[in-house]
Amino acid sequence: MGGLLGRMISVAPSSSSSSSPPSPSLDDKKKKKTIHNKSNNMSNMIYLNHAGQAPWSAATQQAGLNAVHTNPWDSVAAANEASNQVRQRFARLLTIVESHDDDNDGSSSSSRIPPQDCIALLPSTAFAMTLAAHNLVRMRRQRDEQDANLNNSKQQQQPQARQRHKVLLLQDQYPSVVYPWQEICNLHPDEWSICVVPYPQDTDGSSSCWTDAILQQLDADPDISVVSLPPLHWADGRAIDLERVAQAIRQKEQQQQTKIDLIIDATQAVGIFPLRGNFLSHATLIACSAHKWLRGPSGVCCCYIHPLVHDEWQPLDQHERARNVDGATLLAGKYAMDPQTGYYPQEFVTTARKFDSGGKSHPILLPMLASSLEQVVQKCESCPLPLQQEELRLLMMPLMEWCRHHGWVVRDFDEDVVVDRSNDNNNNQRQQTPPRRRAYHLVGIDPPAEWNLTPQQLVQICQDLYQQHNIIVAARCGGLRISPNVESTPPQHIEALMRALEQVCSKYDNWTQT
């Protein structure tokens, strides 16, 4: 991730001879206080775009400032330590996310913590998806060739045409997931294509869920070889039951005697949304960008890679840190590169570190992410994810009712879901939480259809909300995405949003007078 350092603001190195930061001057203290006032308190802003970029806590900012003042001879060791902490804490967080299901309670989750050796650190979710796409295509081609050679030798037939394969994606899935497969289809048009699951349609006055639409498509198409999904749609928050999808994949594998890989972009779920089932055993890869619900900086993606593919997959970046050699010895030695072959040692490490992107561990981003992950883990352990979602549901209920009254559309709102807040420590009984049809940290609201708004008009609504009312939301997939934070969004912010929408959108219809 060393190449990402150029994105950071240049900072003069400390002149101190020790690794500890110098004592801040009075001006530095004033400047630090100003930064905290603007970015943490945000007293003049109503920030409802946490699904786009999370504000950094004071502790996370301080971790970055401490890293900036670290001397270069100490920064490598500090960054490597932060790298280990990030892997450990993200692994813990994955088990917290999946610990609220019908077959498992949180008390047994620690026995299934994926080791940090299954976590790779990459620059982005797009990088992770490109890694998965290129390896899955390569492995699929090898299997197809082996099967074809076996059939040809048995039947003494001419070589057959390459088998067709499809990757299943959602309509308007996040571009970082789609573009890697789009490239694959352009490179191999005779072998690979994309199978798109359309938006669920309303039936009998209620919304059909994404999960049913996915299962129908999966059952109908025999060429699907890869299923690449999020736990919820990034634009409207409607949930996907990955446990049901994984069960359908296993059944299809048994019926067709073939392998179907499940790839998950969990960026909008890990740390904030509970999932059902042991999806760590089902997924080949789970990617999660750091700058949203992990509350960290941009430029890092934590990626779980199933240990069964560590040996057969190849990294996108080739560098010595992925090899089973001592880096200091390699660089210090003469003729470490074989004079005959021109090769450096080739053996890879046996862990997911093999897939880390090139460059040194980032000396600023990783300490910041280690700090933010520690806070997210503590929050999830002190307040279970189902309770966090229930608090958010109650927070968003007035907006849901406002939308209904004014003709806006919210899909799959769980009016009747109530979470039992009792905690019986005596008999250690677990809360029974029904599967949710949607998330409440991320809610998409669609304007009345008769307005027929263009994407440019949706963007203009967001700009007007910001410029006229200091409210920040996002325009996403035909509507507005509202993403509050369970700790920092008071009910007054939702009330202010409703009042501001009435003013900003009054020019599109006369509904505010009806």
Side-chain angles (χ1 to χ4, degrees), residues 48-52 97-98 100-102 170-174 197-216 229-245 264-277 279 292-293 380 384-405 408-420 431-447 473-486 489 494 497-498:
L48 297 172
N49 190 31
H50 292 263
V97 170
E98 70 160 358
H100 304 282
D101 60 76
D102 294 337
L170 302 182
Q171 179 66 51
D172 295 335
Q173 196 162 338
Y174 196 74
V197 179
Y199 280 109
Q201 298 298 313
D202 290 348
T203 57
D204 300 328
S206 62
S207 293
S208 174
C209 69
W210 273 113
T211 305
D212 292 337
I214 292 167
L215 296 180
Q216 292 173 7
L229 297 173
L232 54 105
H233 198 282
W234 69 286
D236 64 14
R238 281 194 280 177
I240 296 166
D241 192 336
L242 292 178
E243 176 64 14
R244 290 180 60 196
V245 173
I264 300 175
D265 172 15
T267 297
Q268 297 291 3
V270 174
I272 190 65
F273 187 71
L275 305 178
R276 299 175 65 243
F279 66 92
K292 300 178 188 292
W293 303 104
C380 292
L385 292 174
L387 290 184
Q388 291 190 41
Q389 284 293 316
E390 174 64 5
E391 290 181 15
L392 289 164
R393 185 184 75 90
L394 296 175
L395 175 71
M396 298 295 279
M397 280 185 67
L399 178 62
M400 308 297 107
E401 294 301 325
W402 179 92
C403 287
R404 290 176 177 175
H405 181 69
W408 289 63
V409 178
V410 182
R411 307 292 182 184
D412 294 336
F413 180 52
D414 295 301
E415 287 185 287
D416 54 346
V417 173
V418 176
V419 175
D420 182 7
Q431 298 174 137
Q432 296 294 326
T433 305
R436 289 194 180 274
R437 295 183 295 172
R438 68 146 40 255
Y440 292 95
H441 63 288
L442 186 163
V443 175
I445 61 174
D446 296 343
V473 299
R476 297 290 184 266
C477 298
L480 302 181
R481 186 184 67 187
I482 318 300
S483 49
N485 178 264
V486 69
T489 305
I494 303 302
L497 173 63
M498 293 185 289

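Owing to the predicted nature of the structure, the values given are computational and were not obtained by experimental measurement.
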Please report the C-alpha distance between Asn49 and Arg481 in whole Å, then the side-chain angles of each, then the deciding distance to 0.1 Å, and finally whether the side-chain contact (heavy atoms from CB on, under 4.5 Å) criterion is met.
CA-CA 8 Å; Asn49 190 31; Arg481 186 184 67 187; 3.2 Å; yes
Could you tell me whether the side chain of [Y] reaches within less than 4.5 Å of the side chain of [X], counting heavy atoms only?
{"X": "Ile272", "Y": "Gln389", "result": "yes"}
{"X": "Leu392", "Y": "Pro484", "result": "yes"}
{"X": "Leu395", "Y": "Tyr440", "result": "no"}

Parallel, tilted or perpendicular: which fits the ring planes of Tyr174 and Trp234, with parallel below 30° and perpendicular above 60°?
perpendicular
Check the angle between the aromatic planes of His441 and Trp293 and answer parallel, tilted or perpendicular using the 30° and 60° thresholds.
perpendicular
Against [X], only a single residue in [options] fulfils side-chain contact (heavy atoms from CB on, under 4.5 Å); can you say which?
{"X": "Leu229", "options": "Asp265, Ile214, Thr211, Ile264", "value": "Ile214"}
{"X": "Arg244", "options": "Ile240, Asp241, Leu242", "value": "Asp241"}
{"X": "Leu442", "options": "His233, Arg238, His50, Gln268", "value": "Gln268"}

Determine the minimum heavy-atom distance between [X] and [Y], stating which atoms define it.
{"X": "Ser483", "Y": "Ala51", "result": "OG-N, 3.0 Å"}
{"X": "Cys477", "Y": "Tyr199", "result": "CB-OH, 3.7 Å"}
{"X": "Ala235", "Y": "Arg476", "result": "CB-CB, 3.9 Å"}
{"X": "Phe273", "Y": "Pro231", "result": "CE2-O, 4.5 Å"}
{"X": "Cys380", "Y": "Gln388", "result": "CA-NE2, 3.9 Å"}
{"X": "Ala439", "Y": "Leu232", "result": "CB-CD2, 3.9 Å"}

For Leu275 and Val270: C-alpha separation, side-chain torsions, deciding distance, then whether side-chain contact (heavy atoms from CB on, under 4.5 Å) applies.
CA-CA 9 Å; Leu275 305 178; Val270 174; 6.0 Å; no
In this structure, CD1 of Ile494 is separated from CE of Met400 (nearest 0.5 Å) by 8.0 Å
Please determine whether side-chain contact (heavy atoms from CB on, under 4.5 Å) holds for the pair Leu399 and Met498, giving the CA-CA distance in whole Å, both sets of side-chain angles, and the decisive distance to 0.1 Å.
CA-CA 7 Å; Leu399 178 62; Met498 293 185 289; 3.8 Å; yes
Assess the residue pair Trp408 and Leu480 against the criterion (side-chain contact (heavy atoms from CB on, under 4.5 Å)); give the C-alpha distance rounded to whole Å, side-chain angles, the decisive distance to 0.1 Å, and a yes or no.
CA-CA 10 Å; Trp408 289 63; Leu480 302 181; 3.9 Å; yes
